Amino acid sequence: MESLLKEKVAHIVEQLYSYKISPDQVLVNVPPKEHACDFTVVIFPIAKQAKKSPDQAASEIGTELQKSIDSLAGYEVVKGFLNLKLSDEFWIQFFSEKSLDATYGELPSTGKKVMIEYCGPNTNKPLHLGHLRNIFIGFSMSRILKAAGNEVVKVNIYNDRGIHICKSMLAYQKFGNHETPESSSTKGDHLVGEYYVRFDEELKREVSELVSTGMAEDEAKKSAPINKDIQQMLREWEEGNTPVRDLWTMMNGWVYQGFEETYRRLGVDFDKAYYESETYKLGKSFVDEGLANGVFFKKEDGSVWVDLTADGLDQKLLLRADGTSVYITQDIGTANERWNDFHPDQMIYTVANEQDYHFKVLKLICAKLGKPYAEGIYHLSYGMVDLPSGRMKSREGTVVDADDLIDEMETVAATLSKEQGKMEGLDAKQQKELFRMLGLGALKFFILKVDPKKRMVFNPEESIDFHGFTGPFIQYTHARIKSVLRKDTSLRAERSNLRHSLETLEKLEPIERELILHLQRYPGTISESAAAYSPAILANYLYYLAKTYNQFYQELPILSAEKPEQRDFRLLLSSFVADVLKKGMWLLGIEVPERM
RNA sequence: GGUCCGGUAGCUCAGUUGGAUAGAGCAUCAGCCUUCUAAGCUGAGGGUCAUUGGUUCGAAUCCAAUCCGGAUCACCA
């Protein structure tokens, strides 16, 4: 409808004032609530060009629109804004067409393939709150991008090698005593994480011991025996030393099992996993390529660099003097590998904004190398998650563990639900499922409702709130609608039968109109979310939809509506709202219950 | 110091390519359950949109400067 309006207005402007504007130069807005109308055309820019007063131009355009759009019920000129109101018949007709369309909100294909990476954990400790924001954003975006008409490939990257991985291995070697996840009944990733912490403790102990003998702190760190062992272990790993590799395989296996369990609980998945241990050498061939092209240069010590000063960045190392590669080199290799695997039109990296610089460099280097995928590299940069007490710091033990957090959310969900006393009719299994849904819904929504780009504060108490702008509020609204629909025991149960009643429906109540208008914005919201890489836009939309529905629910009777066609319409309207809530929440990776 | 990001109600956040009197939630206060789920709804109070200047019919939004916070500028990943 909006685009039709724009076209009409553009056409009228051309006829009336004989100058050309394109339809997308016409500004059509959502009017403020107190004006009882559906769309607002902003006239100022047009009036200026036409050399007319805004009010005069507005009423002239309004008159012409009235002639050319049958369903225009009326217009009103207020201070240079042209407010348009469409007829109830138009909206009823729109509603009639869309409310039973199962594909509503699925946009036409763009023909593009998009790869999105998210999660990207190290394999030396369990997932934490920071990973959760990453996963929620990435997973939700994968669904939103798909709804927006793209083919989507979800990938994970495991940082499964390197000095930090060796730390937990070494600690296990020294103190592990053949402990396993089974023998200690500890989730694999948590067990490995314990040894990672153990390493640091041991290092600290050795350092303070050396310092007490009079050694300087820096010196002590260098000469601590455990630090020498770790360098040795890394070398052995790289040489393929069998015992070290076996230990590595075993411990990483535990971690992957643990991660899998967490993914399952979160309801997220991936199409393919990449492992740094398999890709860390891939970048080296591009170093030769870049040298041959004169894109890179070699210093006297043999190290290879790229000069990005002309692009406002620095010189960047690509290959150490000893011939080993660094992070950025590996990422060049990995990007190329992914291109070979899938040929995506776009490669999205969901990575925290502390790596903004890194991805600028990556994209720039790929472009300099003339890679076809360079243009499609997009860093979905999200802000860090802070606690009310400040930044999470692993050293200070303030990191919020993902599994613990999920447990806690479910526990609180259970407590709150039982307090409400709404559990009748649900057996133990269904209850447990509901608590999981609500706890996760609260957590995911709390994180997703914030613009990804922005740093956010995670307040544990507020995150499990069930009131107001929360996931459970929307879940509740869905369950509430389903409850009403279940109570409709008449022969009208088949929704498509209800449609005939719409033909006799004459007028809409204001709140019904508002609901339809908002429902009409759903597809646009999807494309906006996709274009902005922001699930938050969708989250805000869904909240407003649920809120408007609750208002409607409060104001008007549904099952006991005065006229049968009103009753039927409101049932259909409720059902449509439930569908959009469910679909929209699904795009956020959140399930909604039938009852709660 | 260079670069990048941010600053909106007591707190947490919305606010579209510049558009009407800057909106929600939480918290506070006052109402609404003999009627479809009160995890709901209605209302009240609460703002120098960090500051100053500029651009124009119009600025929270764009530009410049300043202040404050964060990130980054590793032969770590």
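Side chains included, hydrogens not; waters and symmetry mates left out as well; all remaining heavy atoms used. Each chain gets a letter, A, B and so on, in the order its sequence line appears, and its residues count up from 1. Computed from a prediction, not measured in an experiment: that's the story for all the values here.
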Sugar-phosphate only, base, or nothing, as touched by Ala479(A) at under 4.0 Å among non-hydrogen atoms: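 If one applies the 4.0 Å heavy-atom cut-off, Ala479(A) turns out to touch a base.
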
Sugar-phosphate, base or nothing in reach of Pro593(A), heavy atoms under 4.0 Å: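 It contacts nothing in the nucleic acid.
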
Consecutive-pair stems (3 or more, Watson-Crick or G-U, under 3.5 Å) for RNA chain B: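 So the stems come out as B:1-7 with B:67-73, B:10-13 with B:23-26, B:28-32 with B:40-44, B:50-54 with B:62-66.
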
Annotated protein contacts, base or backbone, on nucleotides 39-46 of chain B with a non-hydrogen cut-off under 4.0 Å, one of B, S, - each: BBSS----

Nucleotides 71-77 of chain B: protein proximity per nucleotide (B base, S sugar-phosphate only, - neither; heavy atom, under 4.0 Å): SSS-BSB

When the distance from [atom1] of [X] to [atom2] of [N] is rounded to whole Å, what number comes out?
X         : N      : atom1 : atom2 : value
Lys48(A)  : G58(B) : NZ    : P     : 9 Å
Phe39(A)  : G19(B) : CZ    : P     : 18 Å
Lys449(A) : A14(B) : NZ    : P     : 10 Å
Phe446(A) : C26(B) : CZ    : P     : 13 Å
Leu82(A)  : A20(B) : CG    : P     : 16 Å
Asn83(A)  : G19(B) : CG    : C1'   : 12 Å
Tyr543(A) : U12(B) : OH    : C1'   : 13 Å
Leu308(A) : U3(B)  : CG    : P     : 17 Å

Residue-phosphate contact under 4.0 Å: Lys454(A) side-chain N/O, A14(B) OP1/OP2: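 So the side-chain polar atoms of Lys454(A) do come within 4.0 Å of the phosphate oxygens OP1 or OP2 of A14(B), strictly under.
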
Below 4.0 Å: OP1/OP2 of G19(B) and any side-chain N or O of Lys79(A):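 Looking at the OP1 and OP2 atoms of G19(B), neither is under 4.0 Å from any side-chain N or O of Lys79(A).
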
Salt-bridge test for [X] and [Y]: reply yes if a basic N is under 4.0 Å from a carboxylate O, no otherwise.
X         : Y         : value
Glu117(A) : Arg338(A) : yes
Arg436(A) : Glu433(A) : yes
Asp307(A) : Lys316(A) : no
Arg161(A) : Glu238(A) : yes
Lys453(A) : Asp451(A) : yes
Asp24(A)  : Lys6(A)   : no

Phe81(A) aromatic ring stacked with six-membered ring of A20(B), 5.5 Å and 30°: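 It does: the ring sits over the base of A20(B).
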
Centroid under 5.5 Å and tilt under 30°, Phe469(A) to A24(B):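 So no, this residue does not stack on that base, at least one cut-off failing.
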
[atom1] atoms of [N] and [M], separation to the nearest Å:
N      : M      : atom1 : result
U8(B)  : A60(B) : P     : 15 Å
G15(B) : C67(B) : C1'   : 25 Å
U16(B) : C76(B) : P     : 43 Å
G47(B) : C33(B) : P     : 32 Å
G46(B) : C26(B) : C1'   : 13 Å
C41(B) : U37(B) : P     : 16 Å
A44(B) : A38(B) : P     : 23 Å
G18(B) : U72(B) : P     : 32 Å

Conformer about C1'-N of C33(B) - syn within 90° of 0, anti elsewhere: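 Syn, since the glycosidic angle lies within 90° of 0.
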
Whether Ser534(A) side chain and Ala530(A) backbone form a donor-acceptor pair below 3.5 Å: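 Side chain of Ser534(A) to backbone of Ala530(A): no pair is present.
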
